[in-house]
Visitor: 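Here it is: the structure, laid out below.
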Amino acid sequence: MRLNSIIFWAVITLLFIAAALFIKSLNWDELAWYVVSPATQTGRTNLLFLLGGLEYTLKMSITAITISIILGLLIALPGLSPSPGVRALNRVYVELVRAVPILVLIFWVYYGLPILHDGININVFWAGVIALALSDSAFEAEIFRAGIQSIERGQIEAADSIGLGYFGRLRYVVLPQALRRILPPLGNQLVYMLKMSSLVSVIGMQELTRRANELVVSTYRPLEIYSVLVLEYLVLIFIVSMGVRWLERRLQSNEAA
Amino acid sequence: MNESISTQARAPESTATPLIEMRDVTKLYGQFRALDGVSLSVKTGQRMVVCGPSGSGKSTLIRCMNQLEQHDAGEIRIDGKALSRLSGSELRKVRAEVGMVFQQFNLFPHLTVLENLTLGPMRTRKLPEAAATELAKEYLERVHIPEQADKYPRQLSGGQQQRVAIARSLCMEPKILLFDEPTSALDPEMIVEVLDVMVELAETGMTMVVVTHEMGFANQVADTIVFMDGGKIIESNDPETFFSNPSSERGKLFLKKILRH
């Protein structure tokens, strides 16, 4: 027992020393926070430029998420059909879209799609939205399907016995209950989606990541600028997570567990 | 019987065709014959209790009556309409007229008691909200829990939940009410409050088909007792005859087992 605690404290001390030495070895004098410091004129200009990307990140993500939720639900429904042929539609879509990396999908939509037809003239924003929404819809379809399948048979029978049809049953009985159950995975997907929007920077979308990249090229200060970028995503996603939690709590208290 | 006064309103149309008519109905689960050539008819105002050992097909029988289960052969007519020939929307109309009370209540947990009751009237019968609410309150009164309207099902006892479920069915103003072992999931002290509501309902002249093991209720309320075993109707009698002198051996055996305690 005594020996154990001696070893324990020895290890802790060693780790401490190692960490201190490591931190001391860092190139602290290389840091130049002034490029993003609100105290300097350059810093303020740069920060405003970086934060300006927020508008595009948000616009794109919110549009893509809205589309993907609707699309995801529409794709989940055939997956719940008793007919194997109809179910196959769902399987093919999900397996196909899920297999394509989002970055590849972005390239395909932005550079590939316009070649298909002269009439298709897609801008960066919509290329990003379409790629993100498509990719996300496959995952959301699975989340919806699982949520709807988890609703007890008795609920559906009760809805049938008061004469509700397919859509009435879905709208008033199944979806409100399924939504409560899928909120955690749906929130996960929302956060994931928000992060994946950074990929659209590669086709020139002026969102958060793209702006950071551009600033890095002109200032040669990747550490400081990417640190700010990390912070931006951190705050954004923290707010979204809080929002989802709040929604979960609200729906639960509604049901008065 | 003096109940006939309240049944009179529906009497004229009923004398001709029975409300429910089953002919040679068969239901298969794979190789298992859950229903094996069942024929019966229920007239307006009739109160039928279906009993029998577990697995005898009694639940399947009433679940076929509103097509929660689809039968494989034979014919079921509700109010003269053959169920297997109905389209989706026609079936929905029939279902709206055939209420069902489940063993597990199956209330909608995300809706308040009042919302549970108004959902069907508003969405199926297209009543305006005010009318649906008034109707719901009236039926909550009938099942003796008007004060629980704004609670959620989870906040109620089992007996209260089942009474809400009965009120939910009543709000559709059905022609027939089916009960699938309505007291089997309840604690003993709550069975009485549900049975009391059902007895009162019977006294208003409601047509009822009840699957139950509550033989006291059967004796008090039923005018017909149907005894099933092995997916077949073994005998169908008035309660006095059934309880004092069942015509089948299996019926005698069943009564002996069930009435022993």
Side-chain angles (χ1 to χ4, degrees), chain A residues 69 73 76-78 80-86 143-144 146-187 244-257, chain B residues 59 62-63 65-70 87-113 115-126 150-156 164-165 168-174 176-180 185:
Chain A
I69 284 179
L73 183 59
L77 293 180
L80 297 154
S81 165
S83 141
V86 178
I143 295 175
F144 274 116
I148 292 173
Q149 270 172 341
S150 78
I151 302 301
E152 296 74 15
R153 177 124 197 87
Q155 290 292 308
I156 293 169
E157 292 182 350
D160 281 346
S161 76
I162 57 169
L164 292 178
Y166 179 81
F167 288 106
R169 197 170 74 190
L170 204 61
R171 161 78 180 77
Y172 300 107
V173 176
V174 176
L175 279 185
Q177 293 186 65
L179 199 64
R180 283 166 171 76
R181 297 186 191 179
I182 66 176
L183 214 52
L186 210 58
V244 173
R245 282 282 153 80
W246 174 81
L247 208 62
E248 266 179 60
R249 266 199 311 274
R250 226 187 73 124
L251 287 179
Q252 256 153 27
S253 67
N254 226 351
E255 224 176 290
Chain B
S59 280
I62 69 164
R63 288 166 62 83
M65 287 176 183
N66 69 348
Q67 293 288 284
L68 287 179
E69 308 279 353
Q70 275 157 11
S87 70
S89 66
E90 286 171 319
L91 179 62
R92 248 178 284 146
K93 270 187 208 139
V94 171
R95 274 175 170 162
E97 296 184 342
V98 183
M100 177 74 139
V101 175
F102 300 90
Q103 183 176 353
Q104 300 293 342
F105 331 135
N106 297 349
L107 292 176
F108 305 127
H110 60 297
L111 301 178
T112 63
V113 166
E115 288 165 342
N116 264 278
L117 266 56
T118 54
L119 182 61
M122 283 169 67
R123 303 300 157 196
T124 307
R125 298 177 58 204
K126 310 286 181 203
D150 297 321
K151 288 200 180 159
Y152 284 89
R154 239 172 257 191
Q155 297 168 295
L156 305 184
V164 172
R168 179 175 66 181
S169 294
L170 289 173
C171 280
M172 295 300 293
E173 315 216 289
I176 315 154
L177 210 46
L178 308 174
F179 294 81
D180 188 4

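Below, chain A is the first sequence line, B the second, and so on; all start at residue 1.
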Visitor: Enumerate the side-chain hydrogen bond (donor to acceptor under 3.5 Å, both in side chains) contacts for residues 93-109 of chain B, please, sequence neighbours excluded, ordered by first and then second residue.
Guide: none

Visitor: For B/Leu107, is it the side chain, the backbone, both, or neither that has a heavy atom closer than 4.5 Å to a heavy atom of chain A?
Guide: backbone

Visitor: So what's closer than 4.5 Å to chain A heavy atoms on B/Phe108: side chain, backbone, both or neither?
Guide: both

Visitor: Per the side-chain hydrogen bond (donor to acceptor under 3.5 Å, both in side chains) rule, what does the pair list look like for residues 157-166 of chain A, sequence neighbours excluded?
Guide: A/Glu157-B/Arg63, A/Asp160-A/Arg169

Visitor: Say whether, by atom type as modelled, one donor and one acceptor occur between the side chain of B/Arg123 and the main chain of A/Gly168 under 3.5 angstrom.
Guide: no

Visitor: Using a distance-only test with no angle check, is there a side-chain donor-acceptor pair under 3.5 angstrom linking B/Ser59 and B/Asp180?
Guide: yes

Visitor: For chain A, which of B/Leu119, B/Leu91, B/Asn66, B/Leu178 has the most heavy-atom pairs under 4.5 Å?
Guide: B/Leu119

